[in-house]
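Take a look at the structure set out below.
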Number of protein chains: 2
Amino acid sequence: MRPLVHPSIEDITVEGILHALSDPVRAAIYAQLAGSASAASCSDFLQISNRHIPKSTLSQHFRALREAGLVRSERQGVEVRNTSRCSEIEQRFPGLIKAILNAHKVQAISGLPAKKPR
Amino acid sequence: MRPLVHPSIEDITVEGILHALSDPVRAAIYAQLAGSASAASCSDFLQISNRHIPKSTLSQHFRALREAGLVRSERQGVEVRNTSRCSEIEQRFPGLIKAILNAHKVQAISGLPAKKPR
DNA sequence: TTCCATAGTTCATATGTTACGAACTATAGG
DNA sequence: CCTATAGTTCGTAACATATGAACTATGGAA
């Protein structure tokens, strides 16, 4: 099995970041990771998605995030802990991640059903 | 021939924007349009690219930008003038476009070849 | 009006990318 | 060594993209 490979900070591209986060599943995973600042395993998201996303697909999504340089994955015992590389990316592309996460938040709020007046 | 179709501002999604701008050609076109604030035709970019990009491909790129809600295209005589919808998007997703364009600029300066993500 | 040039779109298709079940690998704990 | 858990890899079907060829739209000239 190949070792988990990560791009160095200078090999991270805007195109790669945008492509990775243009998928709603990956955006949700990344928002979770970046928001909580704590590591999370692949199977944590299997639970969150209520097992609607096959684990092979989830594994590929994590690989995409990893290869775009968005997350760092490290094996810890039987599972793989993923942490966001947001502080590194913030250094290279200031404001980018914050703007994208905020936009996703705005969109989530706007998509909510209008509240019925009482 | 179908009329040029544009999403209304509330139908524009972050995913759509990120996907559209994750392509280096589209990102370059959009940066040009957003930067100059003036309209530009499809064939202007044919010139700029030194005809290395086929016009059918360019046409599809403009369609992608249009359908993502990033540009507005209007026929004016024989050509189609494209303008950036950045002020509308700024209202819906504050700071998003600026952060992305700035990140592309940072990357261009850092000298990395704009590689297309898989 | 007919013809032509320019600008762009659409179509067919070849090539590339993604999703997901099945089979596999890795690790920990009996 | 056996089993369970966590995740990866592989094969392939479904979907997406790039591009040449054919088409449409518009304006101007003959």
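Chain identifiers are assigned alphabetically (A, B, ...) following the order of the sequence lines, protein sequences preceding nucleic acid strands; residue numbering begins at 1 within each chain.
In this structure, B:Leu65 places its CG atom 12 Å from P of D:dT17, rounding to the nearest Å. Computed from coordinates, the B:Gln47 CD to C:dA7 P distance equals 8 Å when rounded to whole Å. We find that CZ of A:Arg63 is positioned 10 Å from P of D:dC10, with the value rounded to whole Å. The distance from atom CG of B:Asp23 to atom P of C:dT17 is 12 Å, rounded to the nearest whole Å. The distance from atom CG of A:Leu58 to atom C1' of D:dG7 is 10 Å, rounded to the nearest whole Å. A straight line from CD of B:Glu79 to C1' of D:dT24 spans 17 Å, rounded to a whole angstrom. Here the P atom of nucleotide D:dT19 and the CG atom of B:Leu46 are 12 Å apart, to the nearest Å.
Between B:Ser59 and C:dT9 there is a side-chain N or O to OP1 or OP2 distance below 4.0 Å. OP1 and OP2 of C:dT6 both lie 4.0 Å or more from every side-chain N or O belonging to B:Ser43.
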Practice item. For nucleotides 20-30 of chain C, just jot down a letter per nucleotide in 5' to 3' order: B, S or -, based on protein non-hydrogen atoms under 4.0 Å. Key: BBB--BSBS--
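Taking 4.5 Å as the limit, every side-chain heavy atom of A:Asn82 sits out of range of all side-chain heavy atoms of A:Asp44.
Counted within 6.0 Å of CD on A:Gln91, heavy atoms from surrounding residues, nucleotides or ligands total 12 or fewer; the atom is thus considered open.
Among all heavy-atom pairs drawn from B:Cys42 and B:Leu58, the shortest one is O-CD1, 3.6 Å. In plain terms, the two heavy atoms of A:Gly95 and B:Ala99 that are nearest each other are O-CB, 3.9 Å. Looking at every heavy atom in both residues, B:Arg26 comes nearest to B:Leu21 through O-CD2, 4.4 Å.
Under a 4.5 Å side-chain heavy-atom criterion applied to ILVMFWY residues, the cluster that includes A:Ile109 comprises that residue alone.
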